[in-house]
Structures are given as structure tokens and as C-alpha cells.
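Here is the structure we will look at.
Owing to the predicted nature of the structure, the values given are computational and were not obtained by experimental measurement.
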Number of protein chains: 2
Amino acid sequence: MSSDPKGGGAVSAHMTPDKQASHFKRAREARESEIIEDYVELIADLIDEHGEARAVDIGKRLGVTGATVNKMIARLKMMDLVNAEPYRSIFLTDEGRKMAEASRARHHIVVALLRAVGVDEATAWADAEGMEHCCSPETLAAFAEFVKKQGS
Amino acid sequence: MSSDPKGGGAVSAHMTPDKQASHFKRAREARESEIIEDYVELIADLIDEHGEARAVDIGKRLGVTGATVNKMIARLKMMDLVNAEPYRSIFLTDEGRKMAEASRARHHIVVALLRAVGVDEATAWADAEGMEHCCSPETLAAFAEFVKKQGS
DNA sequence: CCAAAAGTTTAGCCTTGGCTAAAAATACTA
DNA sequence: TAGTATTTTTAGCCAAGGCTAAACTTTTGG
């Protein structure tokens with residue numbers, strides 16, 4: 001740790017190569033499901049707000065083109081997360097709805113935790129967008145616990 | 001928010017479509033730089049521990065094949081983050097070292113925050129692997145502040 | 001009721017970041 | 001020093017998730 005002026009030390013000093021590899025693997029896998037969950041959660045939001053989820057609105061909120069949305073919806077359909085017929089709006093399957101609920105719950109816990117440790121509202125919402133996908137159940141549980149304690 | 005039994009509410013109720021789009025864009029960009037930073041940080045770790053960073057060791061720790069490492073190193077070289085000659089081990093440029101420092105510092109702050117809110121050591125290290133890339137400077141500052149306060 | 005606008009779909013392209021297999025270079029060891 | 005073992009490199013594959021452009025529906029308004 002000779003060249004670490006900040007005093008932290010090498011991350012890998014804490015573990016064996018394969019343990020570390022598994023962390024990175026988990027992070028890679030999280031990245032994969034992240035996009036899926038973003039779409040599913042957003043579809044749920046749109047249905048709640050407008051009664052339906054249209055490709056064009058999904059695209060607008062996600063900042064991607066309609067073509068991209070379309071391709072993704074095809075994937076979600078194959079994964080049995082949504083029901084969709086050509087030229088009609090998109091609906092969640094039971095499984096999709098369950099995923100949306102879970103995703104939303106995680107999102108809220110992360111926002112609450114960030115607020116509790118002093119992050120401002122806007123930043124909390126923005127940052128939670130990515131963080132919600134990296135937290136293990138244990139960490140989420142700890143967050144929930146901490147927030148509850150703070151509140152009381 | 002009619003159909004939200006958990007009481008959280010739709011995420012998007014808090015913002016306009018384009019604001020939300022920018023959050024997702026930021027999350028996508030973070031995902032892109034994430035891999036780069038993981039490689040750079042790991043190279044720094046290996047140099048600190050072994051005096052050099054070899055492709056085979058990077059691969060082992062990241063859980064990817066040597067071929068993948070090789071391709072990535074070529075990219076890092078193009079980005080001027082590392083110096084590497086054929087069949088020799090890899091070194092960081094000044095810019096690379098700077099990135100590694102920053103990444104490492106973020107990593108440590110996140111771990112400290114997780115520990116402070118009650119996450120156990122092992123989980124903290126594992127989860128920080130992904131979270132470190134999603135935190136804005138504001139959030140990291142809040143984390144640092146919070147940890148400092150707790151400690152005193 | 002029909003034309004223009006809006007939305008959806010398809011086709012085809014690109015980059016990333018994985019992979020395997022095989023070739024080339026380096027390192028070790030008998 | 002020769003031969004084997006390890007490591008690196010190259011070539012070529014794949015899926016994901018973006019994009020544009022163009023064709024095709026559906027919706028809307030005159």
C-alpha cells in the first residue's frame with residue numbers, strides 16, 4: 001500500500017482472486033438485468049399515470065428511440081414480462097408486475113436511505129436510478145432498518 | 001398511485017419526461033465507464049500488490065478470459081489510460097493513475113457508508129463494487145460527511 | 001371520409017464486452 | 001539448450017442495446 005496517499009489501500013487486499021471475480025461477475029449480471037428492470041418499472045409507472053404504456057412515451061422517458069423500445073419490448077415479451085400485440089399499447093404480465101413492484105420498492109428504500117444520510121431530494125432520485133440495481137437484499141434490509149430507526 | 005400497495009408511488013411522479021430521460025442517460029453512461037474504471041482500479045491494485053499487472057491476473061480477478069483482457073487493454077491504451085507493449089506487463093499512465101485513485105477513493109467512501117448504516121463487512125465490499133459507479137459527487141460528499149459525523 | 005400527423009414496426013448498421021480456438025512469444029526446467 | 005508450460009495475441013464468433021431510415025398502421029382533424 002505504498003502509493004496510496006488517501007489511506008484506503010487496494011481493494012483487493014481484502015480477498016482472494018476468485019472471491020473478487022465473483023463480485024465482478026455479480027456486478028456484470030446486475031448490469032444486464034438493470035435495463036430490463038428499468039423498462040418494466042417504467043411501464044408500470046406509465047400504466048399507473050396514464051392507464052397505458054405506449055412505446056413513444058417509454059422512449060421519451062428513457063431517452064431512447066422508438067425503434068429501440070420496440071426491440072426491447074420484443075425481448076420482454078419473450079421473457080414473459082409483458083403482453084403486447086402489434087400497434088397496441090403494452091401491459092405487464094403478473095411476473096412483470098411483480099418485478100416492477102420489487103424494483104419500485106428497492107428504488108424507494110434507496111431514496112429514503114440517501115435522504116436519511118443527507119443527500120438532497122433531487123440528487124437522491126437521480127442517483128437511486130443506478131444504485132437500486134447494485135444493492136444486495138442484505139444491504140437493502142440494512143437500509144430499511146436504518147431508515148426506520150432514524151425516523152423514530 | 002391507485003395500484004401501489006407498498007405505498008411508494010410511481011418513480012416518475014417526481015419529474016418531467018426529459019428530466020427522467022437524463023437520469024437514465026446518466027445511468028447508461030455510468031455503465032459504460034464502469035468497466036473501464038474496474039480495469040484501471042484493478043491494474044492499480046495489482047501493481048501495488050505485485051509490482052506489475054499481468055493480463056492473466058487481471059483476467060483471474062475480473063473473472064474474464066485473457067483474450068477479453070487483451071482487447072480491453074487495447075482500448076485503455078487508445079484512451080491513454082495505460083502503457084503496454086506486446087508481451088510485457090501493463091502500466092498506468094498519469095491519467096490512468098488519477099482515475100484509479102479517484103475510483104479507489106469512491107470505493108472506500110461507499111464501503112464506509114455501508115458499514116456505518118449497518119451493512120456487514122463482506123456485503124459492503126461486494127455491493128460497493130457496483131454502487132461506487134452510480135454515485136454523484138454530491139452523494140459521495142454526503143456519504144463522507146455522514147461517515148465523519150458518525151465516527152466522532 | 002380522407003389526408004396529414006403521429007405512432008409502430010422492420011431492416012440494417014454500429015460498438016461493447018464477452019467467448020473459444022489456435023498461433024506466437026516468453027518463461028521455466030530438466 | 002531443448003522442450004514443455006505458461007502467457008499473450010490474433011481471429012472470428014455472439015448477444016445486447018443503441019442508432020437511422022423507410023415502410024406501414026392508427027389516429028385525428030378538417
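Atom-to-atom, CD of A:Glu85 to P of D:dT25 comes out at 16 Å; the value is rounded to the nearest Å. Atom CD1 of A:Ile35 and atom P of C:dT16 are 16 Å apart (whole Å). For B:Leu76 and C:dT16, the CG to C1' distance is 13 Å, given to the nearest whole Å. What separates CZ of A:Arg31 from C1' of D:dA16 is a distance of 13 Å, to the nearest Å. In this structure, A:Ile58 places its CD1 atom 14 Å from C1' of C:dT9, rounding to the nearest Å. In this structure, A:Glu52 places its CD atom 13 Å from C1' of D:dT26, rounding to the nearest Å. The separation between B:Glu34 atom CD and C:dG18 atom P is 11 Å, rounded to whole Å. Rounded to an integer number of Å, the gap from A:Glu32 CD to C:dG18 P is 10 Å.
When the side-chain nitrogen and oxygen atoms of B:Arg54 are compared with OP1 and OP2 of D:dT7, one or more of them lie within a distance under 4.0 Å. Phosphate proximity of C:dT9 to A:Asn70: present, with a side-chain N or O under 4.0 Å from OP1 or OP2.
Looking at A:Arg61, its side chain never comes within 3.5 Å of a backbone N or O of B:Ala21 through a donor-acceptor pair.
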Between B:Thr93 and B:Glu95, is the side chain to side chain donor-acceptor pair (under 3.5 Å) condition met? List the steps. CA-CA 5 Å; B:Thr93 61; B:Glu95 201 188 337; 5.1 Å; no

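Residue A:Thr68 has its side chain nearest to D:dG18 when only D:dA21, C:dC19, D:dG18 are considered. The side chain of A:Lys71 lies closest to C:dG12 when the candidates are C:dG18, C:dG12, D:dA21.
Using a cutoff of 4.0 Å between basic side-chain nitrogens and carboxylate oxygens, A:Asp127 and B:Arg26 are scored as salt-bridged. Classification of B:Arg104 and B:Asp48 as a salt-bridged pair holds, one side-chain N sitting under 4.0 Å from a carboxylate O.
Counting non-hydrogen atoms under 4.0 angstrom, A:Gly59 reaches nothing in the nucleic acid.
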Where do N or O atoms of nucleotides 23-26 of chain C meet protein N or O atoms at under 3.5 Å, pair by pair?
| unit_1 | atom_1 | unit_2 | atom_2 | d |
| --- | --- | --- | --- | --- |
| C:dA25 | O4' | B:Tyr87 | OH | 3.2 |

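Checked options B:Leu76, B:Ile90, B:Val82; the residue passing with B:Tyr39 is B:Leu76 (criterion: side chain to side chain contact (heavy atoms under 4.5 Å, CB included)).
Taking CG of A:Asp38 as the reference point, atom CD of B:Gln20 lies at 9.0 Å (rounded to 0.5 Å).
The closest side-chain donor-acceptor pair between B:Glu129 and A:His23, if any, does not fall under 3.5 angstrom.
Projected onto DNA chain D by closest heavy-atom contact, B:Ser89 and A:Tyr39 fall at different nucleotides, the more 5' of which corresponds to B:Ser89.
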